[in-house]
Amino acid sequence: MDKTVKKKKWTKIAVIGCIVAAILAVSLFFYIQSITYTPSDRAQSAVKSDSQVKVTVIKEGYKFEPTGGNVIQPNIIFYPGGLVEPKSYSPLARELAELGHRVYIADMPLNLAIFGQNKADSFLNEHPDESFIIGGHSLGGSFAARYASQHSNALKGVFFLASYADEKGAIKDTELSVLQITGTDDGVMNEEDWENSKTNLPDDTIYVGIEGGNHGQFGSYGKQKGDNDAAIEEEKQLEIVVNSLQDWFAEMNLTP
């Protein structure tokens with residue numbers, strides 16, 4: 001077989017390989033899209049600006065701000081749960097913005113925080129002289145903790161919604177304030193892993209259990225696969241989360 005024939009053979013193999021890889025990539029993309037949780041009608045409405053809250057689509061996600069311009073500290077960075085569209089957390093962001101906070105919801109590649117751990121960089125850079133906390137739901141909380149473990153000097157605290165810090169996100173030896181919120185009827189979060197992960201958090205971590213709350217109602221996207229039915233309404237679970245965050249803020253030193 002001469003060199004020309006060999007070259008044509010390998011070129012054909014390379015082309016076929018590229019086509020197969022492209023088909024697999026497209027198939028994976030559409031599969032991920034098919035199992036991604038989408039925002040409820042309530043969440044879709046909450047992402048719209050009105051007389052109280054200005055919502056802006058920015059490069060790395062969504063920004064919610066009080067329209068009056070009087071932003072109170074801290075600014076809040078939120079990492080969504082795995083395979084959950086970011087707008088699903090707009091009811092939470094809106095309520096916090098109505099209270100005066102600036103809230104950022106990160107838009108993760110493929111809706112997986114594992115691919116967007118450093119999304120918080122751009123949010124912090126917008127207001128470098130202000131106070132920030134970071135947190136997230138489920139997978140998002142774990143990767144928010146990983147970010148915080150590497151940027152503890154830029155943050156005041158970390159909060160977890162049905163989530164926990166793994167070893168790579170250990171923040172036990174930092175000065176960060178930490179809030180952990182879980183639902184008693186959560187059917188998704190691994191309780192044993194959550195319990196074991198407490199060693200990665202400071203001893204003064206605040207723990208809040210929402211009686212009757214489940215996993216999916218920390219957002220607004222319907223029932224999540226494997227989750228239990230909640231014994232309380234989504235609005236009630238959100239109210240408890242917001243009140244717990246406000247109580248936590250009140251205990252923190254929020255100077256930049």
Do Asp193 and Lys198 sit within salt-bridge range, that is, some charged N less than 4.0 Å from a carboxylate O?
no
Check: Lys63 and Lys54 side chains under 4.5 Å, non-hydrogen atoms
no
So does Gln150 have more than 12 non-hydrogen atoms from other groups sitting under 6.0 Å from CD?
yes
Determine whether Tyr37 and Gln224 make a side-chain contact, defined as any pair of heavy atoms from C-beta on separated by less than 4.5 Å.
yes
For salt bridge (charged side-chain N to carboxylate O under 4.0 Å, His left out), just list the numbers for Arg102 and Glu126, CA-CA rounded to whole Å, side-chain angles, deciding distance to a tenth of an Å, and then say yes or no.
CA-CA 11 Å; Arg102 182 184 292 113; Glu126 274 199 7; 5.5 Å; no
Taking all non-hydrogen atoms of both residues, which atom of Val55 and which atom of Ser49 are closest, and how far apart?
N-OG, 2.8 Å
Provide the closest heavy-atom pair for Gly136 versus Ala144 in the form atom of the first, atom of the second, distance.
N-CB, 4.4 Å
Within-4.5 Å side-chain heavy-atom neighbours: Tyr164 and Met189
yes
Can we call the ring centroids of His101 and Phe64 under 6.0 Å apart?
no
Could you check whether any side-chain heavy atom of Ile206 comes within less than 4.5 Å of a side-chain heavy atom of Asp247, counting everything from C-beta outward?
no
When every non-hydrogen atom of Gln217 is compared with those of Ile232, the smallest separation belongs to NE2-O, 3.2 Å
Does atom CG of Leu99 have more than 12 heavy-atom neighbours, drawn from other residues, nucleotides or ligands, at distances under 6.0 Å?
yes
If we check ring-ring contact (aromatic ring centres under 6.0 Å, His included) with Tyr104, which of these qualifies: Tyr62, Tyr79, Phe123?
Phe123
Tyr89: ring-ring contact (aromatic ring centres under 6.0 Å, His included) partners, not counting sequence neighbours
Phe78, His137
Rounded to the nearest 0.5 Å, the CD atom of Glu234 sits from the CZ atom of Phe218 at a distance of 11.5 Å
Check the pair Glu130 / Asn75 against side-chain hydrogen bond (donor to acceptor under 3.5 Å, both in side chains), numbers first and verdict last.
CA-CA 7 Å; Glu130 297 184 6; Asn75 296 304; 2.8 Å; yes
Would Lys119 and Glu60 count as a salt bridge (charged side-chain N to carboxylate O under 4.0 Å, His left out) here? Give the steps.
CA-CA 7 Å; Lys119 286 277 186 172; Glu60 302 295 351; 2.5 Å; yes
How close do Leu112 and Gly82 get, heavy atom to heavy atom, and via which atoms?
CD2-CA, 4.1 Å
If the test is side chain to side chain donor-acceptor pair (under 3.5 Å), which one of Asn228, Asp186, Asp227 qualifies with His215?
Asp186
Side chains of Asp121 and Tyr147, heavy atoms from C-beta outward: is any pair under 4.5 Å?
yes
What's the separation between atom OG1 in Thr38 and atom CG in Leu83, rounded to the nearest 0.5 Å?
12.0 Å
How about CD on Glu233, more than 12 heavy atoms from neighbouring residues, nucleotides or ligands closer than 6.0 Å, or not?
no
Does Asn70, at its CG atom, have more than 12 non-hydrogen atoms belonging to other residues, nucleotides or ligands within less than 6.0 Å?
no
Shared ILVMFWY cluster between Val188 and Phe160, side chains joined below 4.5 angstrom?
no
Scanning both residues in full, the closest heavy-atom pair of Gly212 with Thr184 reads N-OG1, 2.7 Å
Please tabulate, one pair per line, all N/O donor-acceptor pairs under 3.5 Å involving side-chain atoms of residues 165-178, not counting sequence neighbours.
| unit_1 | atom_1 | unit_2 | atom_2 | d |
| --- | --- | --- | --- | --- |
| Asp166 | OD1 | Arg146 | NE | 3.4 |
| Asp166 | OD1 | Lys168 | N | 3.2 |
| Asp166 | OD1 | Gly169 | N | 2.9 |
| Asp166 | OD2 | Arg146 | NE | 3.2 |
| Asp166 | OD2 | Arg146 | NH2 | 2.6 |
| Lys172 | NZ | Asp203 | OD1 | 2.9 |
| Thr174 | OG1 | Ile171 | O | 2.8 |
| Thr174 | OG1 | Leu176 | N | 3.2 |
| Ser177 | OG | Trp248 | NE1 | 2.7 |

Nearest heavy-atom pair of Ser88 and Ala43: which atoms, and what distance?
CA-CB, 4.0 Å
Any Asp229 side-chain heavy atom under 4.5 Å of Asn214 side chain:
no
